[in-house]
Number of protein chains: 2
Amino acid sequence: MALFLSRSVHKVDKKGRVSVPSGFRAALGDELVQGLGLNMPIVGFACIEALPFSKIEERMNVLDSLPVDEAEAMSLAHQMLGTLAHVTFDGEGRIVLPDYLMEYSGIRDSATFVGLGRTFQIWEAEALAAHDVSTRTIARDNIKLLRKPTSAQAEGET
Amino acid sequence: MALFLSRSVHKVDKKGRVSVPSGFRAALGDELVQGLGLNMPIVGFACIEALPFSKIEERMNVLDSLPVDEAEAMSLAHQMLGTLAHVTFDGEGRIVLPDYLMEYSGIRDSATFVGLGRTFQIWEAEALAAHDVSTRTIARDNIKLLRKPTSAQAEGET
DNA sequence: TTAGCGATGCTGTACGAAACCTGCCTCAGA
DNA sequence: TCTGAGGCAGGTTTCGTACAGCATCGCTAA
């Protein structure tokens with residue numbers, strides 16, 4: 001599977017439309033026609049998280065198996081599906097950002113795309129700058145997480 | 001089956017009628033003519049829960065197997081079916097929200113539709129905003145519900 | 001090494017179609 | 001006869017699509 005990598009800044013027009021970097025679209029390949037899922041990251045970062053549609057289907061299958069009579073499970077479902085917007089590409093490779101996500105992320109007339117491998121994020125410039133600073137500190141403090149390949153790999157590696 | 005995804009806001013007229021988002025109607029497909037079931041979520045969220053008719057039949061089959069001579073079982077049945085309203089679409093894709101559900105959810109002249117995959121919810125705007133905030137914390141604390149693939153997969157995996 | 005050319009990608013505008021909202025009309029029941 | 005619910009039709013707005021211009025990047029040739 002292809003990867004979303006590097007950063008780029010794009011204009012958001014009056015309709016809330018924004019071009020997705022061509023590299024990201026290329027990475028989507030056949031999944032381009034299915035569009036993207038956009039939502040608020042569960043960890044609370046002030047940005048828009050973007051996923052290929054196939055990832056959404058995966059999520060839904062997991063959430064489907066959760067009990068409907070538990071507030072915790074339903075809260076999780078609300079955050080992972082209820083805040084999610086399904087958007088499709090126009091002929092020029094643009095998507096429309098929903099109002100509530102623009103408001104949440106602070107994006108107005110410009111958006112920065114940040115590749116994160118299998119997903120990517122969309123940020124307002126100043127919020128991203130602040131996030132860069134704060135994560136640098138946190139990352140430095142937690143770099144040791146990478147230093148235990150034995151247990152970590154056993155779980156996650158495919 | 002198509003999915004209910006994304007959010008949208010619609011006006012409620014004086015008669016309690018509201019347009020269901022066209023994408024949701026499209027997702028219903030053939031089930032459109034059968035209408036929807038509306039009720040209060042079991043977990044107590046202050047919104048209206050909406051289900052395709054086929055989902056109601058599923059629930060009914062489950063309840064059918066419960067003993068009719070136990071108060072607990074009958075209470076459950078009351079909550080799941082006794083508070084449920086069956087609504088149908090008019091020619092313009094609208095449904096009528098019953099008074100008791102509008103009162104319960106606080107919906108007056110505007111309603112926000114929230115897709116949750118196989119079901120969707122209808123919220124009053126401020127209640128939804130508050131719910132978004134509170135569920136984010138709960139979801140973050142319970143994200144580990146998704147992190148136990150071993151037991152979940154054993155049941156659900158095809 | 002640099003200038004020129006072509007291709008690709010991004011942005012803005014315009015038009016048509018669909019969706020949505022409002023008001024009016026009709027019918028049924030009290 | 002009055003009231004309320006449901007159906008119908010018009011107008012407005014939004015959305016999706018198409019088209020065109022501009023900028024940027026990379027390649028080629030001088």
Side-chain angles (χ1 to χ4, degrees), chain A residues 2-29 32-38 48 50 53 84-103 107-115 120 122-125, chain B residues 2 4-29 32-36 38 48 50 85-103 107-115 120 122-125:
Chain A
L3 297 175
F4 304 110
L5 292 173
S6 74
R7 290 186 177 194
S8 57
V9 181
H10 294 280
K11 290 270 173 70
V12 180
D13 70 14
K14 289 169 241 166
K15 294 180 175 182
R17 292 185 303 186
V18 62
S19 291
V20 173
S22 64
F24 288 12
R25 299 203 305 269
L28 280 168
L32 190 78
V33 290
Q34 299 181 74
L36 297 171
L38 306 179
I48 299 172
F53 194 75
L84 188 138
H86 182 206
V87 297
T88 54
F89 291 92
D90 69 11
E92 285 71 43
R94 286 178 293 194
I95 56 173
V96 178
L97 301 178
D99 287 339
Y100 73 96
L101 288 178
M102 287 183 68
E103 192 178 340
I107 292 171
R108 287 175 167 275
D109 49 15
S110 175
T112 306
F113 288 74
V114 179
F120 62 92
I122 312 174
W123 285 85
E124 187 276 326
Chain B
F4 304 112
L5 289 174
S6 307
R7 292 184 176 196
S8 57
V9 181
H10 293 280
K11 289 271 170 67
V12 180
D13 69 15
K14 289 167 235 164
K15 300 172 185 177
R17 294 185 297 190
V18 63
S19 291
V20 173
S22 64
F24 287 12
R25 299 202 306 268
L28 280 168
L32 190 79
V33 291
Q34 300 181 74
L36 295 171
L38 306 180
I48 300 173
H86 182 208
V87 297
T88 54
F89 291 92
D90 69 12
E92 286 73 45
R94 288 178 296 189
I95 56 172
V96 178
L97 301 178
D99 286 340
Y100 73 96
L101 287 178
M102 287 184 68
E103 193 178 341
I107 292 171
R108 287 175 167 275
D109 50 13
S110 177
T112 305
F113 288 74
V114 178
F120 62 92
I122 312 174
W123 285 85
E124 187 277 325

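Chain naming here is simple, since letters A, B, ... match the order of the sequence lines and numbering starts at 1 in each. Side chains are part of it too, since the values below use all heavy atoms of this structure and drop only hydrogens, waters and symmetry mates.
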Atom CZ of Arg94(B) to atom C1' of dC20(C): distance rounded to whole Å?
9 Å
Can you list the residues that meet the side-chain contact (heavy atoms from CB on, under 4.5 Å) rule with Glu103(B), with sequence neighbours excluded?
none
Return the set of residues passing side-chain contact (heavy atoms from CB on, under 4.5 Å) with Ile95(B) (not counting sequence neighbours), or none when no residue passes.
Val18(B), Val20(B), Leu36(B), Leu38(B), Val87(B), Phe89(B), Leu97(B)
If you restrict it to nitrogen or oxygen atoms, what contacts under 3.5 Å exist between nucleotides 27-29 of chain C and the protein, and what is each distance?
none

Find the distance Asp90(B):CG to dC21(C):C1' and express it as a whole number of Å.
12 Å
How long is the line joining CZ of Phe24(A) and C1' of dG9(C), in whole Å?
15 Å
Of all the heavy-atom pairs spanning Val9(A) and Ser110(A), show the shortest one and how long it is.
CG1-OG, 3.4 Å
Contacted region of DNA chain D by chain B, from 5' end to 3' end of the hits, cut-off under 4.0 Å to heavy atoms, spans dG6(D) to dC8(D)
Side-chain heavy-atom pair Leu28(A), Phe4(A) within 4.5 angstrom cut-off
yes
Check the distance between dC20(C)'s P and Asp109(B)'s CG and give it to me in whole angstrom.
18 Å
Contacts of Arg17(A) meeting salt bridge (charged side-chain N to carboxylate O under 4.0 Å, His left out) (sequence neighbours excluded), chain-then-number -> Asp13(A)
Decide if atom CZ of Arg25(B) counts as having more than 12 heavy atoms of other residues, nucleotides or ligands within a radius under 6.0 Å.
yes
So OH of Tyr100(A) and CD1 of Ile48(A): to nearest 0.5 Å the spacing works out to 9.0 Å
Check side-chain contact (heavy atoms from CB on, under 4.5 Å) between Ser8(A) and all other residues, then give those that pass, not counting sequence neighbours.
His10(A), Pro21(A), Phe113(A)
Can you sort out which residues in residues 7-19 of chain A have a heavy atom within less than 4.0 Å of DNA chain C? Ascending by number, please.
His10(A), Lys11(A), Lys14(A), Lys15(A), Arg17(A), Ser19(A)
Run the salt bridge (charged side-chain N to carboxylate O under 4.0 Å, His left out) test against Arg7(A) and tell me which residues pass, sequence neighbours left out.
Asp132(A)
Pairing residues for Glu92(A) by the salt bridge (charged side-chain N to carboxylate O under 4.0 Å, His left out) criterion, not counting sequence neighbours:
Arg94(A)
